[in-house]
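Working notes for the structure below.
Below, chain A is the first sequence line, B the second, and so on; all start at residue 1.
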2 protein chains.
Amino acid sequence: MDNSVRIKFDKIDRRILEILQANAKITNAQLSKDIGLSPAPTLERVKKLEQSGIIKSYHAKLDPEKIGLGVSTFVLVSLIGHNKGNIDAFMKEINGIPEVIECHHITGTGDFILKIISKDITAYQKLMLEKVSEIKEVDSMQSMVILSTFKDSKVLPIPA
Amino acid sequence: MDNSVRIKFDKIDRRILEILQANAKITNAQLSKDIGLSPAPTLERVKKLEQSGIIKSYHAKLDPEKIGLGVSTFVLVSLIGHNKGNIDAFMKEINGIPEVIECHHITGTGDFILKIISKDITAYQKLMLEKVSEIKEVDSMQSMVILSTFKDSKVLPIPA
DNA sequence: TTTTGCACCACATAAAATTTTGTAAAAACA
DNA sequence: TGTTTTTACAAAATTTTATGTGGTGCAAAA
């Protein structure tokens, strides 16, 4: 798999990455102007960044409210046991729930933090009662409802 | 601003949104095949979805580890006061810190939850000490370090 | 110094996006 | 219900963009 390879990239590549994170729909011609190269080598660099796995994918970002998704939450989850089998089983269940858009294993009080998005509070409650809390590995849960989102950047700060 | 308008979209639009969330780089020709329309009306629909603000933007997703970002955290932040002035001041500071990629106002114990990404634990500590905890509106903070990420979906579940 | 290998540019070609035009179906209206 | 208006669509033409090719300069290694 070679998943932890350090790939080298220079200042120009870094600039390409910054631009494509902020705006994936830029044309190669415009991108090449912005970074000060001609289109051909610009495209080469982008392809290399894709092939090396530095660029994983491209996504459209939607407005949750405009598609009828009014409630987002973070949920801290504790499992009944912390062995690999339990965690795997839990993850398998979580993967099958599209409303759970993130799942991270964390240090601290809980074991996992989930990000969940749903239509409204009613739908959220139903989801939690009928799906999440039904997972047998789940011990306790603590919800934090998002009142408003002030920052949601898709641009990672690339270290020098 | 007209920010909370309900825009109507049908089943075809919903499929377009699902596809573009998962893969923004699909060609219009391929997209039109997938949804069973010809290229022209397909493109029209995409443009309308963009103009209405349902599609907000397009982003490249990078591999954090491959660009040298090894530590991600969630941080619960409590402010010293909960009035609008304090919150605005806090938000202004947060917006100036690129390592803070998300900031949500939440219910529950804390006031805010941040998602922070940095090079390593040392860089994280430095960031927290010198930037975040220096914000004068901040009272207390509680960090949760992400050990591993099992799910990080860029596809929102669009309600029927 | 010569060679090798990149990284680049300019240009040609292929592919894709976008516009235009015309038509049919659906919705609004009298 | 019949008429008008609007909307959605396809096909084809046009414009824009991506992509491939060949050639040049420069830097590092022989």
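- Legend: residues meeting side-chain contact (heavy atoms from CB on, under 4.5 Å) with B:Ser52, ordered by chain and number and at least two apart, are B:Ile7, B:Ile54.
- In this structure a side-chain-to-backbone donor-acceptor pair under 3.5 Å is missing from B:Ser118 to B:Ala123.
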What nitrogen or oxygen pairs link the protein and nucleotides 24-28 of chain D at under 3.5 Å?
none

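- Residues forming a side-chain hydrogen bond (donor to acceptor under 3.5 Å, both in side chains) with A:Ser143 (at least two apart in sequence, or on another chain): A:Tyr124.
- Side-chain contact between A:Ile113 and B:Ile146: absent, with no pair of heavy atoms (C-beta onward) separated by less than 4.5 Å.
- Residue pairs meeting the salt bridge (charged side-chain N to carboxylate O under 4.0 Å, His left out) criterion with at least one partner in residues 129-147 of chain A, sequence neighbours excluded, are A:Lys126-A:Glu130.
- Ring orientation note: the planes of A:Phe112 and A:His105 are close to parallel, at an angle under 30° on the 30°/60° scale.
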Pair up each side-chain donor or acceptor in residues 95-102 of chain B with any protein partner under 3.5 Å, not counting sequence neighbours, and list the distances.
residue: B:Asn95; atom: ND2; partner: B:Met91; partner atom: O; Å: 3.4
residue: B:Glu102; atom: OE1; partner: A:Lys115; partner atom: NZ; Å: 3.0
residue: B:Glu102; atom: OE1; partner: B:His104; partner atom: NE2; Å: 2.7

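- Taking 4.0 angstrom as the limit, A:Lys48 places none of its side-chain polar atoms (N or O) nearer than this to OP1 or OP2 of C:dC6.
- For B:Asn83, the side-chain hydrogen bond (donor to acceptor under 3.5 Å, both in side chains) criterion is met by no residue, not counting sequence neighbours.
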Protein proximity profile, nucleotides 21-29 of chain C - base contact B, sugar-phosphate-only contact S, no contact -, cut-off 4.0 Å on heavy atoms:
---------
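- Using a 4.0 Å cutoff on non-hydrogen atoms, the parts of residues 9-25 of chain A near DNA chain C are A:Ile12, ordered by number.
- For residues 13-42 of chain A, the salt bridge (charged side-chain N to carboxylate O under 4.0 Å, His left out) pairs, not counting sequence neighbours, are A:Asp13-A:Arg45.
- For A:Asp152, the salt bridge (Lys or Arg N to Asp or Glu O under 4.0 Å) test picks out A:Lys154, with sequence neighbours left out.
- Five base pairs at each end of the helix from C:dT1-D:dA30 to C:dA30-D:dT1 define two local axes, and these are offset by 30° (rounded to 10°).
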Nucleotide N/O of nucleotides 15-19 of chain C paired with protein N/O under 3.5 Å:
residue: C:dA17; atom: OP1; partner: B:Asn28; partner atom: N; Å: 2.7
residue: C:dA17; atom: OP2; partner: B:Asn28; partner atom: N; Å: 3.0
residue: C:dA17; atom: OP2; partner: B:Ala29; partner atom: N; Å: 3.2

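- A donor-acceptor pair under 3.5 Å is formed between the side chain of B:Lys151 and the backbone N or O of A:Ile94.
- The six-membered or imidazole ring of A:Phe74 lies near that of B:Phe74, with a centre-to-centre distance under 6.0 Å.
- Under a 4.0 Å N-O distance rule, the pair A:Lys47/A:Glu44 does not qualify as a salt bridge.
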